2 protein chains.
Amino acid sequence: MNLKPLSGVPAPVQDATRHQLLEAAGAVFAEVGFRNATIREICRRAGANVAAVNYHFGDKETLYAELLRYSQQKAFAKYPPLLGVAADAPPEEKLGAFVRSFLLRIFDEGSIAWFGKMMSREMVEPTRALDSLVAERLRPMADLLRSIVAEILGRSPQDEAVRLCCFSVVSQCVFYHHCRTMISRLFPEQRLDASAVEPLAGHIARFSLAAMKHLPDPETQRSKPGSARRRRH
Amino acid sequence: MNLKPLSGVPAPVQDATRHQLLEAAGAVFAEVGFRNATIREICRRAGANVAAVNYHFGDKETLYAELLRYSQQKAFAKYPPLLGVAADAPPEEKLGAFVRSFLLRIFDEGSIAWFGKMMSREMVEPTRALDSLVAERLRPMADLLRSIVAEILGRSPQDEAVRLCCFSVVSQCVFYHHCRTMISRLFPEQRLDASAVEPLAGHIARFSLAAMKHLPDPETQRSKPGSARRRRH
DNA sequence: TGACATGTCAAACGATTGTTTTAATTATTT
DNA sequence: AAATAATTAAAACAATCGTTTGACATGTCA
């Protein structure tokens, strides 16, 4: 019986097969998702035997989980949530950076985009691998956005209005994750590559800031001083 | 050799097995998606034999396509895109109805929600059945929203700003399609049932209207009279 | 009743999948 | 060089899937 190497320990990089499996798996998983991906196709692309995945990673699910972490670190290393913006910058500037980094991670090409594509599928069909990702990366991201929006609105991060505005901001970003198919069908004039990041990020930031600065208040909330009171028909 | 009935002709409703297969398939497809769904599970729930799907529908894909149309008609019959709003109502009111109907279709329970759940998966993993759906239902919806937003912005429906604002509006709605999993993990205080429709629809409409009425203009666009000019840092 | 189309059923087919086995090969250490 | 561990390779295993088959039941119409 073969003893498999303990996964999790930092393997020497010279382990070429293992690394090529990761790279091949990234392309395949990002393209067709966890369930549709076949170990045979991954191994074919990696130039390895069918048994290679089980030898190096144990099983398909572990390979997937390890890849999700790998691609996440790669994407956030290149595009951190606030890019280079200083911690004491005005919240409007932080929001712009948050949005731009989000889109940059989506529209980058090759291995950087793996994480986004895998996340799109995790939303609809979560894997066990999602749990640790939420705790380590996604929850801090959510808290960061909450604090930015809270500062812009002048409210507590736990406020309902803050939560709803976070949804509004994030939703406009993930939209270009999930709905690429539909966008290119219904709006073929919309570019969906790296050149689209600046105009889209600019729009989302402007749209959201304009909304938050001029949001009328429903009955249950207090008005921000200076903003117009209620516009209804 | 058995001759299968021509699918597409309006079958007499007394065909009990066929109808029960549709109902069972709706639950299964909406729950686990096309690929994860098994004919055996569908037939089990319908109380039918494994061969029933092939006899009544030809194959799994045809059953899925027929169900997608079936569930779409059901959902839009109950919640049309503008609900009851008059054709000459102000665009702000139409936008509110558009958003509300969208969320109602998402958060309704049972068979009405099938369509939304199936669409979530179609976004990430399109089926051939999507093509006709786009032409018959989704494109008219997109054109409707485009005309509403164009009227609010006072621009042509082909204007880039109109397109981007359509994205912003729709994205906030479909967000509650795709990201339910993540929302309930990161914001467990957010309700995600029918009782959430009114507050969410209200927020999305207010947020979007406030944004569109106070949107500063980037270089490439003309300013709307009365709105503040540019706010950048 | 007999002929025939319609619908249902149990069983099997053929293909694909993740995984395992077992032997051969390569690399490393003694 | 010999011995031992690590890695690769071909083949098969076991399970699942969509689909088909052919027998059987049911209903309809002559």
Side-chain angles (χ1 to χ4, degrees), chain A residues 1-25 28-29 31-68 121 125 127-129, chain B residues 1-25 28-29 31-68 121 125 127-129:
Chain A
M1 192 187 309
N2 280 327
L3 281 179
K4 293 146 196 163
L6 286 176
S7 93
V9 307
V13 193
Q14 69 226 31
D15 196 336
T17 303
R18 194 188 143 94
H19 189 256
Q20 282 170 358
L21 280 175
L22 262 184
E23 292 291 324
V28 174
F29 280 137
E31 195 176 330
V32 302
F34 174 75
R35 196 142 193 299
N36 290 23
T38 71
I39 289 187
R40 282 174 171 81
E41 171 66 9
I42 291 171
C43 292
R44 194 190 60 78
R45 294 202 197 187
N49 186 268
V50 220
V53 164
N54 288 72
Y55 178 78
H56 286 279
F57 295 92
D59 56 11
K60 185 184 176 184
E61 196 177 345
T62 306
L63 167 61
Y64 179 83
E66 213 141 318
L67 178 69
L68 193 61
R121 299 180 183 267
E125 200 164 344
T127 305
R128 231 181 313 167
Chain B
M1 191 189 309
N2 282 326
L3 282 178
K4 294 145 198 162
L6 287 177
S7 92
V9 307
V13 193
Q14 67 224 31
D15 195 335
T17 304
R18 192 188 144 94
H19 188 257
Q20 281 171 359
L21 280 173
L22 262 183
E23 293 291 323
V28 174
F29 280 136
E31 195 176 328
V32 302
F34 174 75
R35 196 145 192 297
N36 290 24
T38 71
I39 289 187
R40 281 174 171 82
E41 171 66 9
I42 292 171
C43 291
R44 195 189 60 78
R45 295 202 197 187
N49 186 268
V50 219
V53 163
N54 288 74
Y55 179 78
H56 285 279
F57 295 92
D59 57 10
K60 185 185 178 185
E61 196 177 343
T62 306
L63 167 62
Y64 178 83
E66 214 143 317
L67 178 70
L68 193 61
R121 299 180 183 266
E125 201 165 344
T127 306
R128 231 182 313 166

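Residue numbers begin at 1 in each chain, while the letters A, B, ... track the order of the sequences. Since we're looking at a predicted model, the values are computed, not measured.
Two residues, A:Val50 and B:Val50, neighbour DNA chain C, and the one matched to the more 5' nucleotide by heavy-atom proximity is B:Val50.
Going from atom CG of A:Asp59 over to atom P of C:dT20 covers 8 Å, rounded to whole Å. One interatomic measurement links the two molecules: CZ of A:Arg35 to P of C:dT16, which rounds to 16 Å at whole-angstrom precision. The distance between atom OH of A:Tyr55 and atom C1' of C:dA23, rounded to the nearest whole Å, is 15 Å. Between the CG atom of B:Asp15 and the P atom of C:dT6 there is a distance of 12 Å, rounded to whole Å. Going from atom CD1 of A:Ile42 over to atom P of C:dT19 covers 11 Å, rounded to whole Å. For the pair B:Asn54 CG and D:dG22 P, the computed distance is 15 Å after rounding to whole Å. Counting to the nearest Å, the P atom of C:dT17 and the NZ atom of A:Lys60 are 9 Å from each other. In this entry the distance linking CG of A:Leu21 with C1' of C:dT19 reads 15 Å, nearest Å.
Proximity of B:His56 to the phosphate of C:dT6: no side-chain N or O atom is located under 4.0 Å from OP1 or OP2. At least one side-chain nitrogen or oxygen of B:Asn49 sits closer than 4.0 Å to the OP1 or OP2 atom of C:dA10.
Nearest to the side-chain atoms of B:Arg40 among the listed nucleotides C:dA12, C:dT19, C:dG7 stands C:dA12. The listed nucleotides are D:dT8, C:dT19, D:dT19; the one nearest the side chain of A:Ile39 is C:dT19. Residue A:Thr17 places its side chain closer to D:dT8 than to any other of D:dC17, C:dG7, D:dT8.
Between A:Phe34 and A:Phe29, the ring planes lie parallel to each other; the angle is under 30°, not in the 30° to 60° tilted range.
Under the 3.5 Å distance criterion, the side-chain polar atoms of A:Asp59 are matched with a main-chain donor or acceptor of A:Thr62.
Shortest non-hydrogen contact noted between B:Glu31 and B:Arg121 is O-NH2, 3.0 Å.
Heavy atoms of B:Ala51 sit under 4.0 angstrom from at least one base atom.
When the options A:Leu67, A:Val50, A:Leu63 are evaluated for a side chain to side chain contact (heavy atoms under 4.5 Å, CB included) with A:Ile42, the one that passes is A:Leu63.
Between A:Glu66 and A:Arg18 there is a salt bridge, since at least one side-chain N of the basic residue sits less than 4.0 Å from a carboxylate O of the acidic one.
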